[in-house]
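Here's the structure, in structure tokens; my notes come after.
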Number of protein chains: 2
Amino acid sequence: MSPENVYGSRGHGRHTKPYHVDTLKHIALLGGVKGYVSLSSKELGEKLGISQQSASQRILELLEADLIQRDLAARKQRVRLTAKGVDLVRREYADYKRVFEAREALTIHGTVTSGLGEGAFYMKQRGYKEQFREKLGFEPYEGTLNLKIGGEDLVALNILEEEPGVVIDGFTDSGRTFGGAKCFAASLKGVECHAILPLRTHHTDNLELIARGHLRSKLGLRDGDEVAVEVRL
Amino acid sequence: MSPENVYGSRGHGRHTKPYHVDTLKHIALLGGVKGYVSLSSKELGEKLGISQQSASQRILELLEADLIQRDLAARKQRVRLTAKGVDLVRREYADYKRVFEAREALTIHGTVTSGLGEGAFYMKQRGYKEQFREKLGFEPYEGTLNLKIGGEDLVALNILEEEPGVVIDGFTDSGRTFGGAKCFAASLKGVECHAILPLRTHHTDNLELIARGHLRSKLGLRDGDEVAVEVRL
DNA sequence: ATTACTAATCATCGAGTAG
DNA sequence: TCTACTCGATGATTAGTAA
């Protein structure tokens with residue numbers, strides 16, 4: 001588990017309390033990930049084994065932390081998780097998945113996308129290129145293959161976030177700061193490559209792949225193609 | 001989630017506190033499921049974002065609740081989860097899995113075993129037979145096919161425990177009490193059957209199947225055969 | 001019925017420190 | 001070093017009740 005992932009900073013919110021994840025889990029189990037669910041504070045209290053008053057308080061705290069949204073128009077409130085709330089719960093899920101399904105490799109499904117071409121800019125930086133040669137043993141093509149990850153495969157990204165990988169250090173060049181990243185050996189349709197993730201940024205649903213050559217042309221990939229990449233841990 | 005699954009009674013322990021599952025999760029992530037891991041109270045405190053003193057206290061509470069075992073012989077303590085502790089964490093995992101991988105069917109792998117022939121005794125009871133005819137629409141063969149479930153498939157059993165299913169009520173006959181159960185439609189190698197689970201008992205690694213005919217002879221199954229059963233929710 | 005405020009109670013936590 | 005005790009401070013929960 002990442003060192004920052006402690007109560008005081010969990011979910012990047014300043015007000016995240018230890019029991020919030022569990023509360024979110026119960027709302028999620030009622031369908032709060034897909035849409036609003038009718039849930040009185042009394043009902044929530046019963047599910048959590050606490051009083052109506054405490055449950056009401058927790059709802060207020062989750063609202064304050066932007067982890068749920070509420071519709072208080074009708075007699076009975078309706079709640080749903082925010083994207084941030086879903087993300088927090090999915091991260092917790094990733095932890096448990098790591099406990100029981102620790103593997104040497106993860107298969108992640110994604111859709112080929114163009115992105116903003118930002119990857120190429122970063123791949124051209126000398127500060128990165130030298131480290132790639134040193135730590136990965138090759139100098140990658142100056143561009144990345146961007147995969148959009150969705151649905152059940154998102155949890156795999158959360159697992160990667162918590163695995164060490166090969167660390168590429170951040171640096172500064174001409175007054176600009178370039179953040180650190182980590183790499184995992186991977187293969188895409190039999191072609192060896194590396195998955196690369198920023199060290200700090202979370203909340204992403206993208207996975208970038210780098211390789212010796214130009215993956216897109218080598219594999220004849222186009223935007224929208226569905227692929228499965230095998231990432232080794 | 002089952003109504004009993006609240007803090008006060010979680011894991012059937014009288015002393016289970018809300019943060020115990022999270023503490024167990026961190027120990028599990030370090031390898032505490034497979035064996036002892038060296039873990040000082042200071043280290044645990046850092047992982048949980050609490051002080052060394054509080055972490056020490058949590059270790060004592062987990063020991064008291066029979067959720068971990070400890071080896072305090074060396075300079076640094078070593079801890080591991082008990083079966084009860086693993087079970088508690090796996091149940092939590094099942095909750096999260098249900099949130100993100102809610103499906104209409106679960107595929108569960110198991111090994112055919114003979115068991116003690118107890119299944120047949122229960123299947124002969126009139127109190128059950130009448131309910132099977134009424135609620136499942138057929139009267140099953142007077143015996144069960146017993147599957148031993150292991151490893152990663154155990155979490156599927158925990159998911160079934162939390163799903164409603166078709167409830168078979170308990171009853172008393174000749175002064176003896178017969179507990180309730182719940183059934184899920186299933187198929188084994190293309191043959192329609194039902195999975196049946198006791199309503200109260202937990203901590204099992206067995207799954208019993210009932211069907212119109214004798215599954216074992218119909219499918220040519222022997223003890224030790226590996227099968228996959230598709231259970232519909 | 002609801003939600004949620006306030007005040008009192010109760011539990012959790014960490015600093016200091018002993019073994 | 002380590003674990004873990006005491007105890008005062010902090011934080012969480014609930015009963016009573018308002019709206």
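Convention: sequence-line order gives letters A, B, ...; per-chain numbering from 1.
When rounded to the nearest whole Å, the span between CG of A:D71 and C1' of C:dT2 equals 14 Å. Regarding A:K42, its NZ atom lies at a distance of 8 Å from the P atom of C:dA1, rounded to whole Å. Atom CZ in B:R58 sits roughly 9 Å away from atom P in C:dT12 (whole-Å rounding). For the pair B:R70 CZ and D:dT3 P, the interatomic distance rounds to 8 Å; values are reported in whole Å. One interatomic measurement links the two molecules: CD1 of B:I50 to P of C:dA11, which rounds to 18 Å at whole-angstrom precision. At whole-Å resolution of the value, CD in A:Q77 and P in C:dT3 are 4 Å apart. Between the CG atom of A:L44 and the P atom of C:dA4 there is a distance of 12 Å, given to the nearest Å. What separates NZ of B:K17 from C1' of D:dA12 is a distance of 13 Å, to the nearest Å.
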B:K25 and A:D95: salt bridge (charged side-chain N to carboxylate O under 4.0 Å, His left out), yes or no, with the steps?
CA-CA 8 Å; B:K25 183 194 79 176; A:D95 279 348; 2.7 Å; yes
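With respect to B:K97 and B:E162, no salt bridge is recorded, no charged nitrogen being found less than 4.0 Å from a carboxylate O. A salt bridge is absent between B:K182 and B:E163: the closest approach of a Lys/Arg side-chain nitrogen to an acidic carboxylate oxygen does not fall below 4.0 angstrom. By the 4.0 Å N-to-carboxylate-O rule, A:E46 lies close enough to A:K42 to be salt-bridged with it.
With DNA chain C read from its 5' end, the first of the two nearest nucleotides for A:S41 and B:S51 is the one closest to A:S41.
Looking at heavy-atom distances under 4.0 Å, B:Q52 makes contact with a base. Counting any heavy atom pair closer than 4.0 Å across all strands shown, A:L60 reaches sugar-phosphate atoms only and no base atom. Using a 4.0 Å heavy-atom distance criterion, B:S40 is classed as a sugar-phosphate-only contact.
With hydrogens and angles left out, the side-chain atoms of B:Q53 and B:Q57 include no donor and acceptor closer than 3.5 Å. With 3.5 Å as the limit, one finds no donor-acceptor pair spanning the side chains of B:E208 and B:Y122.
Of the candidate nucleotides C:dT3, D:dT3, C:dC13, D:dT3 has the atom lying nearest to any side-chain atom of B:L72. For B:Q53, counting side-chain heavy atoms from C-beta on, the closest listed nucleotide (D:dC5, C:dT3, C:dT12) is D:dC5. The side chain of A:Y19 sits closest to D:dA12 out of D:dT3, D:dA12, D:dG16.
When each of B:T113, B:T111, B:D205 is paired with B:K148, the side chain to side chain donor-acceptor pair (under 3.5 Å) condition holds for B:D205 and for no other.
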Can you give the dot-bracket line for DNA chain C, using ( ) for pairs inside the strand, [ ] for pairs that cross earlier ones, | for pairs with another strand and . for unpaired bases, where Watson-Crick and G-U count if both distances are under 3.5 Å?
.||||||||||||||||||
